[in-house]
Undergrad: 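Below you will find the structure I want to go over with you.
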2 protein chains.
Amino acid sequence: MENDAPAARTPPAPPPGDSRPPGTSRTESGPESSPESQPDHPRAAAKPSKSEQTRSLILETALRLFQDRGYDKTTMRAIATEAGVSVGNAYYYFESKEHLIQGFYDRVTNDHIEAAQARLRGRTDFASRLQVTLEAWLDAAEPYHGFSVQFFRNAADPDSPLSPFSAESYPARQTVVDLYRDVLAGSAMKLDAEMAEILPELLWLHQMGIVLFWVYDRSPDSARTRDFVRRTTPMVARITSLSRYKLIRPLVRDAEKLVRDFIVPDGIGTHERPPLR
Amino acid sequence: MENDAPAARTPPAPPPGDSRPPGTSRTESGPESSPESQPDHPRAAAKPSKSEQTRSLILETALRLFQDRGYDKTTMRAIATEAGVSVGNAYYYFESKEHLIQGFYDRVTNDHIEAAQARLRGRTDFASRLQVTLEAWLDAAEPYHGFSVQFFRNAADPDSPLSPFSAESYPARQTVVDLYRDVLAGSAMKLDAEMAEILPELLWLHQMGIVLFWVYDRSPDSARTRDFVRRTTPMVARITSLSRYKLIRPLVRDAEKLVRDFIVPDGIGTHERPPLR
DNA sequence: GGGGCGGCTTGAACACGTTCAAAATCACCC
DNA sequence: GGGTGATTTTGAACGTGTTCAAGCCGCCCC
């Protein structure tokens, strides 16, 4: 939407450098997440610059209102007013209303990883590790089930920067893939080296599938999804374990190639799709 | 969205009866498609009432503009102007801009069914029947690949009437399920009677999966999706054939129950399965 | 102090989807 | 023809997401 043909009225160009104000890594500035872009002060616990304060104030307010009134009924004006800033200011920190949802996603991801790691400690059975990891996600996401649909509407658009396959989503995605790498590594399961490299990504995809299921699930407390996880995890584990055998590996490779093809590389921008025909 | 809390400003009630103006069956009134829903006047070839003319004029215009400029860049004002009517008039016939997309979907569905039936004639091998059916869909949909994303954004919202699982989508969905019933019935494959009842729905779901893949597929002429279909169809056929065996059937039943749970029942008449053709 | 300079903030203005009360047109009967 | 009620059509107005030119503020250097 932003790199479409200009709206014919936009004169010069974007004011802030190119995209994001400072201190704006996609994965929320959790206590000790991966010191990604700028490993400036790995120690300095909190240096909430004025800018960062404003940013998170807006985000907090938005998420609160989203939960209270739902996404659609929360206007940007309301968010701004409630946060005590101007609309324009909200847009200075977030490219669009939808980008605020990314905040929710980042938060869930962080909570998930933390909770999962706690539950994984001491467990070595792979199926069990996989199951607790997925359940940890469900627990982390449950409070936001109400407007998760909004998030998924964007996920369905491969062009949206909010799509889990997008380049912009790369850091967040990688964090989760790493989690699954750990789920595998910490298990007693024997694995081929190449498969150990490939499987985490596929397990991430599997989680995406579960999430899709969950979005559609209306049962109280997402009981149906939980049931689904409980029942299918052993199957997935079995398949994973089969990847040891030469016979199966090519299949796994194919699957991985497939995923990789859909992930838009962290390179030049979006394949501008011409207006068709 | 329409049955949320009222907008507090809408005084009495909707002006047109309850929902749709006359002559507005969901499956498009193609020139000589299958005289489906109402075989009232099997003869009267065309009685395009003024109302119906206006409606289809608007739809045609919209679809044309969508193809020319893309969905986002086509404004309701542009559609109305181009069609020579007022914006309000467009809204008289279509609840929203997104509902216009339903027109595209209906059209593709009709084209698909027609093409599939032609290609099915003479074929008895199930795998082959399945494959040509899916390929027929790809061919029918290709011209609209450009804005298929738009359609799928809504599909991702279980609440949207545009979701393939919605009650409003019931007729269109049923038409396709019937097609798959035929794909099965016309094949040489032996089937358990109960499975024959259940499988068409699952094959429909399978098609939805392919569609999802296709939406994301950027390869020229959707080559990757075609490849995918070619490679996975035999597998699906094998699984289908396995449903003959007692051991597998419960699994199929489970899968079907799952689908059924997500499909929102058609308002009043719970799940009546209408006479199949 | 003054003069930049760059990050931050503002709010009016814009474009677009959508609504609605009123007007126009049609259908039908006396 | 004329009346009457339904159907269709109109376009101004509204609310919302988004943009942008202009202003503000803190900081550094002379």
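As the structure is a prediction and not an experimental result, all values here were calculated from the model. Naming convention: chains lettered A, B, ... in sequence-line order (proteins, then strands); numbering from 1 in each chain.
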Undergrad: Consider the side chain of Met76(B), meaning its heavy atoms from C-beta on, and name the nucleotide among dT9(D), dG17(C), dG11(D) that approaches it most closely.
TA: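 Shortest atom-to-atom distance from the side chain points to dG17(C).
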Undergrad: Closest-nucleotide mapping onto DNA chain C: is Gly84(A) or Arg77(A) further toward the 5' terminus? I mean the 5' end.
TA: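 Between the two, 5'-proximity favours Gly84(A).
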Undergrad: Starting at atom CD of Glu95(B), determine the distance to atom C1' of dC20(C), rounded to an integer number of angstrom.
TA: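 The distance from CD of Glu95(B) to C1' of dC20(C) comes to 16 Å, rounded to the nearest Å.
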Undergrad: Distance alone, cut at 3.5 Å: any donor-acceptor contact between the side chains of Thr225(B) and Trp214(B)?
TA: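 Side chains of Thr225(B) and Trp214(B): no pair found under 3.5 Å.
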Undergrad: Closest to the Lys50(A) side chain: dT8(D), dG17(C), dT9(C)?
TA: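 Nearest listed nucleotide: dT9(C).
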Undergrad: For Tyr92(B) and Thr54(B), does a side-chain donor sit closer than 3.5 Å to a side-chain acceptor?
TA: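 Tyr92(B) vs Thr54(B): no donor-acceptor pair found between side chains.
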Undergrad: According to a strict under-4.0 Å criterion, is Ser51(B) in side-chain N/O contact with OP1 or OP2 of dT8(D)?
TA: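 Answer is yes, contact under 4.0 Å.
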Undergrad: Quickly work out the Phe94(B) CZ to dG17(C) P distance and round it to whole Å.
TA: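 In whole Å, dG17(C) P and Phe94(B) CZ are 15 Å from each other.
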Undergrad: Expressed in angstrom and rounded to an integer, what is the separation of Asp72(B) atom CG from dG17(D) atom P?
TA: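 After rounding, the reported distance stands at 16 Å.
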Undergrad: What nucleotide, of dT18(C), dT18(D), dT8(D), holds the atom closest to the side chain of Tyr91(B)?
TA: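 Nearest to the side-chain atoms of Tyr91(B), counting from C-beta on, is dT18(C).
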Undergrad: Report the distance from atom CD1 of Ile101(B) to atom C1' of dG17(C), rounded to the nearest whole Å.
TA: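 Atom-to-atom, Ile101(B) to dG17(C), this comes out as 13 Å.
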Undergrad: Check whether any side-chain N or O of Asn89(B) sits under 4.0 Å from OP1 or OP2 of dT8(D), and answer yes or no.
TA: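 Checking dT8(D) against Asn89(B), no side-chain N or O comes under 4.0 Å of OP1 or OP2.
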Undergrad: State, without any angle test, whether Ser166(B) and Ser169(B) hold a side-chain donor-acceptor pair at a distance under 3.5 Å.
TA: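 Indeed, the side chains of Ser166(B) and Ser169(B) share at least one donor-acceptor pair under 3.5 Å.
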Undergrad: Are side-chain N/O atoms of His99(A) and Ser96(A) paired as donor and acceptor at under 3.5 Å?
TA: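 There is such a pair (donor and acceptor under 3.5 Å, judged by atom type) between the side chains of His99(A) and Ser96(A).
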Undergrad: Given dT10(C), dT19(D), dC16(C), identify the nucleotide with an atom nearest to the side chain of Thr75(B).
TA: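 Closest nucleotide to the Thr75(B) side chain: dC16(C).
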Undergrad: Among dT8(D), dT18(C), dT9(C), which is the nearest nucleotide to the side chain of Tyr92(B)?
TA: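 Shortest atom-to-atom distance from the side chain points to dT8(D).
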Undergrad: What is the separation between atom CD on Glu52(A) and atom C1' on dC8(C), rounded to the nearest whole Å?
TA: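 Distance, rounded to whole Å: 14 Å.
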Undergrad: If you assign Gly88(B) and Thr74(A) each to the DNA chain D nucleotide with the nearest heavy atom, which residue ends up on the more 5' nucleotide?
TA: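 Closer to the 5' end of DNA chain D: Gly88(B).
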Undergrad: Could you give the CG-to-P distance, from Leu57(B) to dT8(D), as a whole number of Å?
TA: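 To the nearest whole Å, that distance equals 15 Å.
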Undergrad: Which residue lies toward the 5' end of DNA chain C, Thr54(A) or Lys97(B), if each is placed at its nearest nucleotide?
TA: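 Comparing both residues, the 5'-ward one is Thr54(A).
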Undergrad: Could you state the atom-to-atom distance from CD of Gln53(B) to P of dT7(D) in whole Å?
TA: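 Rounded to whole Å, this separation is 19 Å.
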Undergrad: Provide, to the nearest angstrom, the distance between the NE2 atom belonging to His99(A) and the P atom belonging to dG17(D).
TA: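 In whole Å, dG17(D) P and His99(A) NE2 are 16 Å from each other.
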Undergrad: Output yes when a side-chain donor or acceptor of Ser148(B) lies under 3.5 Å from a complementary backbone atom of Val215(B), and no otherwise.
TA: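 Not confirmed, Ser148(B) side chain does not pair with Val215(B) backbone.
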